[in-house]
Amino acid sequence: MNCDYSEKILLYFYGETDKAQTEEIKEHLNSCEECKKNLEVLSGVSNHLDASKAAAPDYLIEDIIRRSRKEEIPGFNIGDVLKNIRNHWKVAASGLVFAALMIGVFFPFGADKVNLNWTSNIDSGLDSLEYSMYEERDSFLGEYGESGEDFKYEDIDSEIESINENGRIL
Amino acid sequence: MTVTDAELIKAYKKGDTQALEKIMEKYKTPIYSYLLKMVGSRDSANDLFQEIFLKFIKNIQSYNEEKKFANWIYTVAHNTVMDSFRKNKNRYIESLDQIKGEDFKSVAETIASKDLSPENILIKTEISGKIEKAFEILSDEQREVFIMRHYWGLSFKEIAEILKVPIGTALARMSRALGKLKVELGHIEEAV
């Protein structure tokens with residue numbers, strides 16, 4: 001198509017021109033054989049397309065509806081969710097075990113009876129135990145000196161004997 | 001009272017499958033006619049029709065109701081056809097002889113219903129056959145614009161949006177298609 005109006009003719013045929021454009025094209029058609037032919041072809045093809053319209057067969061629509069009913073919520077495919085769980089069951093199981101452990105740690109049965117306060121007596125009890133260990137160490141070193149003297153098993157044995165005999169360390 | 005697409009979609013989102021049926025009833029002709037002309041085979045058109053509506057069902061929750069539903073489902077149809085073309089580069093388009101049986105019958109029935117003479121039916125059927133054959137020589141892009149404009153009743157601007165091309169490109173494709181058809185058909189003496 002060499003005429004400049006070839007695209008305008010399309011818009012005109014499908015009613016996409018405004019009043020001024022429509023008038024302009026009508027005037028052009030009076031003198032342009034090429035555009036007249038284009039309109040004829042367009043009209044013929046249009047009629048053919050109208051005549052060969054076809055609707056999808058009913059069984060196709062019924063099949064789609066049947067398949068859609070399998071999906072409990074439109075757009076939410078429970079089958080896909082189950083498939084995902086099947087495919088990633090190890091991850092899902094690990095997640096469940098981890099969640100159970102976390103619940104066990106932070107919310108144990110009877111948790112209300114356990115005092116988890118950091119300033120509890122456990123802390124002060126540990127302090128006194130540590131203190132008595134230091135005392136014991138000091139008394140031991142006081143006896144043997146802090147010269148790094150090595151003491152041997154026989155020394156320990158004699159210590160034990162002394163304790164057994166006297167009930168106290170001499 | 002006519003129920004709008006937006007109302008049907010809303011009902012379907014709430015689980016009303018009758019709304020889905022009504023949507024398909026409304027779009028079964030424009031979409032199926034488009035598919036038949038694009039792929040040229042009833043089997044392929046059937047498969048693609050199902051694929052389009054199953055995609056619709058699957059993605060309905062993500063559909064933005066502010067957009068025109070017709071354009072949304074037509075975009076799905078266009079993308080599905082393009083994907084199928086990409087997958088089957090050497091796709092087999094049934095020859096006219098294989099599909100014209102039913103198409104010719106539908107043309108004849110349409111014309112006969114207007115009480116025209118048998119000779120006229122024959123002439124019109126022959127012309128239809130020529131047009132159908134001429135359609136086969138168009139490129140997919142040229143044929144698609146023609147079909148979208150005719151079967152979907154979309155404006156060239158809407159077609160350009162679906163195809164993601166400037167409106168000038170959509171018009172140029174159709175203009176070239178018309179040029180080819182004119183050469184192929186010669187002059188049609190009388191309107192069909």
For this session: Can you run down the ring pair (Phe, Tyr, Trp, His ring centres under 6.0 Å) pairs that involve residues 154-184 of chain B, sequence neighbours left out, and say none if there aren't any?
Result: none
[atom1]/[X] to [atom2]/[Y] distance, rounded to the nearest 0.5 angstrom?
X	Y	atom1	atom2	result
B:Lys182	A:Lys37	NZ	NZ	7.0 Å
B:Phe53	A:Ile65	CZ	CD1	10.0 Å
A:Ile61	B:Glu21	CD1	CD	8.0 Å
B:Met174	A:Ile9	CE	CD1	12.0 Å
A:Lys53	B:Lys37	NZ	NZ	11.5 Å

Non-hydrogen atoms of [X] and [Y] that approach each other most closely:
X	Y	answer
A:Ile64	B:Gln50	CD1-CA, 3.9 Å
A:Ser46	B:His150	OG-CE1, 3.0 Å
A:Ala55	B:Thr29	CB-OG1, 3.4 Å

Is it possible for you to say whether [X] and [Y] belong to one hydrophobic cluster, with membership spreading through side-chain heavy-atom contacts below 4.5 Å?
X	Y	result
B:Met82	B:Val145	yes
B:Val3	B:Ile23	yes
B:Phe135	B:Phe85	yes
B:Phe49	A:Tyr59	yes

Problem set entry | Atom CD of A:Gln21: over 12 foreign heavy atoms under 6.0 Å |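 Yes, the 6.0 Å shell around CD holds more than 12 heavy atoms from other groups.
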For this session: State whether the number of non-hydrogen atoms from other residues, nucleotides or ligands found under 6.0 Å of A:Lys36 atom NZ is greater than 12.
Result: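 Above 12, so yes.
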Exercise. Which residue out of B:Ile31, B:Asn46, B:Leu181, B:Thr17 racks up the most heavy-atom pairs below 4.5 Å with chain A?
Worked result: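 Answer, by heavy-atom pair count under 4.5 Å with chain A: B:Asn46.
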Exercise. Between B:Lys157, B:Glu25, B:Lys28, which residue shows the highest count of heavy-atom pairs closer than 4.5 Å to chain A?
Worked result: B:Lys28
Problem set entry | Check: A:Leu10 main-chain N/O paired with B:Arg149 side-chain donor or acceptor under 3.5 Å |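 The answer is no, because no donor-acceptor pair under 3.5 Å joins these two groups.
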Exercise. Would you say B:Ser33's side chain and A:Ala54's backbone share a donor-acceptor pair under 3.5 angstrom?
Worked result: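 Confirmed, B:Ser33 side chain pairs with A:Ala54 backbone.
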Exercise. Side chain, backbone, both or neither: which part of A:Phe13 has an atom under 4.5 Å from a heavy atom of chain B?
Worked result: neither
Exercise. If you measure only the distance, is there a donor-acceptor pair under 3.5 Å linking the side chains of A:Asp50 and B:Tyr151?
Worked result: no
Counting only non-hydrogen atoms closer than 4.5 Å, does [X] touch chain A with its backbone (N, CA, C, O), its side chain (CB onward), both, or neither?
X	result
B:Leu20	side chain
B:Tyr63	neither
B:Ala172	both
B:Ser155	both

For this session: Could you pull out all residues at least two apart from B:Lys22 that satisfy side chain to side chain donor-acceptor pair (under 3.5 Å)?
Result: none
For this session: Show your working on side chain to side chain contact (heavy atoms under 4.5 Å, CB included) between B:Leu171 and A:Leu11 and close with a plain yes or no.
Result: CA-CA 9 Å; B:Leu171 273 166; A:Leu11 293 167; 4.1 Å; yes
Exercise. Is the shortest heavy-atom distance from the side chain of A:Leu42 to the side chain of B:Phe146 under 4.5 Å?
Worked result: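 Yes, side chains in contact.
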